[in-house]
Amino acid sequence: MQVDQFLQDNTFESVFSKVVVNAESLQRLKEGEWINDELINFYMEMLNARSKEHGSSLPNVHCFQSFLYPKLKNEGYRKGNLMGWSKKFDLFAKNLVLIPINHNNTHWTAVAINFDAQTIISYDSLHTSRPQVFKIIRRYLNEDHKDKKNGGEFNWDGWQDITSTDIPRQMNCYDCGIFVCKSLESLSRGDKSFPFTQNDIPYLRQEMVWEIGNQTLRRG
Amino acid sequence: MSEEEQQIPPEDANAPINVKVVSATGDEVFFKIKRSTKLSKLQGAYANKVGKDVNSIRFLYDGARISDTDTPASLDMEDNDTIDVMVEQVGGCVPCSS
């Protein structure tokens, strides 16, 4: 089967929007392994491409790479030179902005900024509350709004910070990155039902191998 | 170091530009490269300088990855622009002890 072929190929390399998944990274999709930024960011670029391809039939989504958050957290907007990260599109015209977040090189979560619902939702498969994430994301929106909208303040009237209890719960110590990819895949289609549980993760790891190898999402 | 002052008209499409490479810990390395030079050269030189395997670090310009065939011209880079260097991130869960 194609999944095994990809996993056994030690010259495997797949490139999407310049993000490279090599054989070493791909092995991380095997059961029990922690996944890395290359797999997450490759997946985010596939979600971006699908959103562009489908035009108005899917939400207008932008997924940032996982490096946005450490830049925001460690350097801040100006020093981190983050003005350029949204210069080619209007962040504030998106329906949904999705950001994968790595915590201390041990855990993956995500945050979704929904401009229609006016919510910032933190998705953590361990259902931990992440007050710092909201603080950093709000500061980012303030600063990017000032930069892109002639110094104008972002209007926070009606906005809510929410810690999702809908994201399926992780029952082990290694699957969080798969929960992040598959939850964001679902959200990027406007589907908030998260149609999977912990029991489906072994299959979803294989599905991701297939998707990355073929550079195609199963749900086109 | 590479501060030779050259009289190049600013409109010259191939005038060298200054590029700052910034690591995740804030260390800065400056390069002067031609707009037509492949950035893979800069990536290799940077990795050499900091003693890292070039495949273990990620180079980003404006939040997007830089590929081996990109040049400052292909990315519309301007003088004094910054390239970010990031290192691998991994995760599986929060250790129960922390």
Partner residues of Asn22(A) under the side chain to side chain donor-acceptor pair (under 3.5 Å) criterion, sequence neighbours left out:
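Partners of Asn22(A) under the side chain to side chain donor-acceptor pair (under 3.5 Å) test: Ser25(A).
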The criterion is side chain to side chain donor-acceptor pair (under 3.5 Å); which residues satisfy it with Gln89(B), sequence neighbours excluded?
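Here the qualifying residues are Ser66(A).
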Any residues in residues 40-47 of chain B near chain A, with a heavy-atom distance under 4.5 Å, and which are they?
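Residues of residues 40-47 of chain B touching chain A at under 4.5 Å: none.
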Checking the side chain of Asn102(A) only, and the main-chain atoms of Val90(B) only, is there a donor and an acceptor separated by less than 3.5 Å?
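At least one qualifying donor-acceptor pair exists.
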Not counting sequence neighbours, which residues clear salt bridge (charged side-chain N to carboxylate O under 4.0 Å, His left out) with Arg139(A)? List them please.
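With sequence neighbours excluded, Arg139(A) shows a salt bridge (charged side-chain N to carboxylate O under 4.0 Å, His left out) to no residue whatsoever.
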So for Asp84(B), is it side chain, backbone, both, or neither that comes closer than 4.5 Å to the heavy atoms of chain A?
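Contact with chain A involves the side chain of Asp84(B) alone.
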Is it true that, when you exclude [X] itself, more than 12 heavy atoms of the residues, nucleotides or ligands shown sit nearer than 6.0 Å to its [atom1]?
| X | atom1 | value |
| --- | --- | --- |
| Met83(A) | CE | yes |
| Glu24(A) | CD | no |
| Asp53(B) | CG | yes |

Carefully, step by step, assess Arg65(B) and Glu45(A) under the rule salt bridge (Lys or Arg N to Asp or Glu O under 4.0 Å).
CA-CA 11 Å; Arg65(B) 290 292 292 275; Glu45(A) 293 298 343; over 6 Å; no
Between [X] and [Y], what is the shortest heavy-atom contact and its length?
| X | Y | value |
| --- | --- | --- |
| Tyr174(A) | Cys93(B) | N-CB, 4.5 Å |
| Cys176(A) | Gly91(B) | SG-C, 3.7 Å |
| Phe67(A) | Leu60(B) | CD1-CD1, 3.7 Å |

Basic-acidic side-chain contact under 4.0 Å: Asp70(B), Lys18(A):
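Judged by the 4.0 Å cut-off on N to carboxylate O distance, Asp70(B) and Lys18(A) do form a salt bridge.
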Need one label for Leu126(A): side chain, backbone, both or neither, based on atoms under 4.5 Å from any heavy atom in chain B.
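For Leu126(A), side-chain heavy atoms alone lie under 4.5 Å from chain B.
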Do the non-hydrogen side-chain atoms of Met86(B) and Lys71(A) ever get within less than 4.5 Å of each other?
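A side-chain contact exists here, since the closest heavy-atom pair is under 4.5 Å.
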